[in-house]
Q: 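Sharing a structure here in C-alpha cells format.
When a ligand or atom number is given, it counts from 1 through the structure's own listing order. Sequential numbering from 1 along the given sequence is applied to the chain's residues.
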Amino acid sequence: MTSPSRRPIRNIVIAGGGTAGWMTAAGLSRFLREQPTTVTLVESDEIGTIGVGEASLTLLAHFNHMLGIDEADFIRKTQATFKLGIQFNDWRHKGHSCFHPFGRYGQNIDLCEFHHHWLRLRAAGQGGSLDDYNLNTVLALGNRFSPPVKDLGSPLSGLAHAYHFDASLYARYLRDYAEARGITRVEGRIVEVHQQPESGFVTGLSLKDGQRIDGDLFIDCSGFRGLLIEETLKTGYVDWTGLLPCDRAVAVPSRRGDSPLTPYTRATAREAGWQWRIPLQHRTGNGYIYASGHISDDQAAQALLDTLDGEALADPRVIRFFTGRRAKAWNRNVVAIGLAAGFLEPLESTSIHLIQKGVVKLLQCLPDMDFAPSLADEFNRQTAFDYEDVRDFLVLHYKLTQREDTEFWRYNRHDTVSDSLRDRMELFAATGRLFINEHELFKTASWLAILTGFGIEPRGYDPMADALPFADVSHALIRMRTMIAQAAVQQPDHAAFIARHCAAH
Ligand SMILES: Cc1cc2nc3c(=O)[nH]c(=O)nc-3n(C[C@H](O)[C@H](O)[C@H](O)COP(=O)(O)OP(=O)(O)OC[C@H]3O[C@@H](n4cnc5c(N)ncnc54)[C@H](O)[C@@H]3O)c2cc1C
C-alpha cells in the first residue's frame, strides 16, 4: 500500500548493465516488488562492460544475503574464492610484506582497546607480532579457510571474509535474479538523451534501433563516461589525481597453475604503481595500476607479463581512468552509481562496495514524483563522504611508504595529504590512539593494520592500559595468541574447503 498523498515514481530506467547496473536492478527488484513501479535496464553488448573488478569487501555478503542469495550458489556460479584480506608486498620497502585482514585483532580488556594493551607490552619488548592476534591473518598466510561460527566463545566467531569473483559472471547472475523478479532488459545502444527544456530533467532515451525508453527516474550506470550525469547534465568532476596519481591499469588473466589457492589478494608495489593478483577458481586475475607520467603502457604491460605466476590467457588490456568523484552523484532526476559516479584505484577493493552503498542509499532516499531536493542533497552529502573516506585511506598507503627508489615513490611520499588524514597519522604516531567515526568504512583494525604494517611505531599508548597488572595483561595476550594459533591449524586448506562445499561446475 502506498500513502494517498504520495505520487510514486512509475518508471525507473537504468542506463548500463555492468556490475553497477545489475546490482542496482537486483536491489530495486527485491525492494520495490510491492510498489507500482516498473524498472527497465538498457545495455549494449556492442559497447560491453569494463570487465575487471574481482575482489570485494566483506559487506558484499550482506548485500547478497539481503537479496536472499545463497552463498555457495553465488560462489559456484561466479568462480569465486574466499578473501580473508590483502597482502601488501614491497610497499614499506622492497622485500617487506604485511597483511591487512578483515576481522578484529585480539579482544578489548575492560574499557581499553586491545591494541593499547599490545602497545604496552611492545614497549616492554613483549607482545609478539600484531598478526598473531588476528585469526584471518594466521589462516590466510597458511592458505587455510573457515567461515565464521555463531558461538561467541570460539575464536572462529571473529572471522570475516569477502570474495574474489568474476565480476562479469556476477552481473550475469544478478541479471537472472532481476529478470526473474520483473525487471525488463532492453538491448541497444543509447544514441540520444531527451530532456525537459525548462527543468533539464531527463525524460527518455533513444536507442540506435529507433526504440525510445521513457522514465521518471534515471540511474546512470553507463561507466566512466557518465552518459547521463556528465555527457548530458554536465555535472562536473572532482579530480583527485593530485592525491592519487595513478591513471591507468593494464590487466591480464593468467592460468592458475600449481600454486596454492591463496585466500587473499596480493598487492605488490612496482616501479610506477602496484600490481594486483586475485585468485579465482578457474584463473588468476592480474593487473598493474600505474601513473602514465612515470612508465609507458608497453613497459607496464611487459612488467606485468614478466611477473605472472602462470601463462597469460589473453593480451594485456590498457584501461585509462581519472581518480575522483562526480561533483554530484544525484543531479535533477539522474542518480549515478558505479564508475559513472567516480573511481578510486582498487588498492582496497572498494568500488563494488561503493556501488552497494549507492544502491542502499538510493533505496533509502527513493524520491516520489515531487523529487524533494533535500533527498538529493542528503544522497550527495553521504556519497561525497563515502568517496572521500575511501580516498584518504588509500592515500595513507602512499604516504607511509619508505620507498625512495623511483621518482614515482618519491613524489607520492612527499606529496600533501588532507588535514584530517595528517592529524590522524600524527595522533597515532604520538599516542597510539585512533578515533574512527562510525560511518567510516575502514575501522580501527584496518587503520592499525596499515599504520603499523607500513612502519609507524606509536610513541605512546592509552594510560588506561596501565590500570591492569602487567603480568595479567601479558597472560591474557598469550592466551589470545595461543587460542588463535590452535584454532588455525584445525581449519581446512582453502582449496580443499572450496572443492568440498562450493566448487564451480
Ligand atoms: C583496473 C580496474 C580494476 C578494478 N578492480 C576492482 C576490484 O578489485 N574490486 C572492486 O570492487 N572494483 C574494482 N574495479 C571497479 C569495478 O570494475 C567497477 O566498479 C564495476 O565493474 C562497475 O562498473 P560499471 O558497471 O559502473 O561500469 P561498466 O562495467 O563500464 O558498465 C557500463 C555499462 O553501460 C553500458 N553502456 C555504456 N554506454 C552505453 C550506451 N551508449 N548505450 C547503452 N549502454 C551503454 C555498457 O554496455 C555497460 O553495460 C576495478 C576497476 C578498474 C578500472
Q: Which protein heavy atom lies closest to atom 53 (C) of ligand 1, and at what distance to 0.1 Å?
A: Phe343 CZ, 3.7 Å

Q: Keeping the roles fixed (side chain from Thr307, backbone from Leu304), state whether a donor-acceptor pair exists under 3.5 Å.
A: yes

Q: Can you name the atoms of ligand 1, numbered from 1 with element, that are less than 4.0 Å from a heavy atom of Ser349?
A: 9 (N), 11 (O)

Q: When you measure from atom 38 (N) of ligand 1 to every protein heavy atom, which one gives the shortest distance, and what is it?
A: Arg225 NH1, 3.3 Å

Q: Under a 4.0 Å heavy-atom limit, does Ala20 contact ligand 1 with its side chain, its backbone, both, or neither?
A: both

Q: If you have a sec, work out which protein heavy atom is nearest atom 15 (C) of ligand 1 and how many Å separate them, to one decimal?
A: Ser351 CB, 3.3 Å

Q: To check your reading of the model: name the closest protein heavy atom to atom 30 (O) of ligand 1, its residue, and the distance in Å.
A: Ile50 N, 3.4 Å

Q: With backbone taken as N, CA, C and O and side chain as the heavy atoms from C-beta onward, which portion of Leu227 lies under 4.0 Å from ligand 1: side chain, backbone, both, or neither?
A: side chain

Q: Non-hydrogen atoms of Trp22 versus ligand 1: any pair closer than 4.0 Å?
A: no

Q: Which is closest to atom 3 (C) of ligand 1 in terms of heavy atoms, Pro346, Gly358, Ala55, Gly285?
A: Pro346

Q: Answer side chain, backbone, both or neither: which part of Cys221 comes under 4.0 Å from ligand 1, heavy atoms only.
A: backbone

Q: Does Ala171 come within less than 4.0 Å of ligand 1, judged by its heavy atoms?
A: no

Q: Counting heavy atoms only, which of Ser222, Gly48, Gly16 comes nearest to atom 46 (C) of ligand 1?
A: Gly48

Q: Show which side-chain atoms of residues 311-320 pair as donor or acceptor with protein atoms under 3.5 Å away, not counting sequence neighbours.
A:
from, atom 1, to, atom 2, distance (Å)
Glu311, OE1, Arg255, NE, 3.0
Glu311, OE1, Arg255, NH2, 3.4
Arg317, NH1, Ile50, O, 3.4
Arg317, NH2, Ile50, O, 2.6

Q: Checking contacts here: is it the side chain or the backbone of Ala249 that comes within 4.0 Å of ligand 1, counting heavy atoms only? Could be both or neither.
A: side chain

Q: Less than 3.5 Å apart, which donor and acceptor atoms pair up between the side chains of residues 52-59 and the rest of the protein, not counting sequence neighbours?
A:
from, atom 1, to, atom 2, distance (Å)
Glu54, OE2, Arg283, NH1, 3.0
Glu54, OE2, Arg283, NH2, 2.9
Ser56, OG, Tyr163, N, 3.1
Ser56, OG, Tyr163, O, 3.4

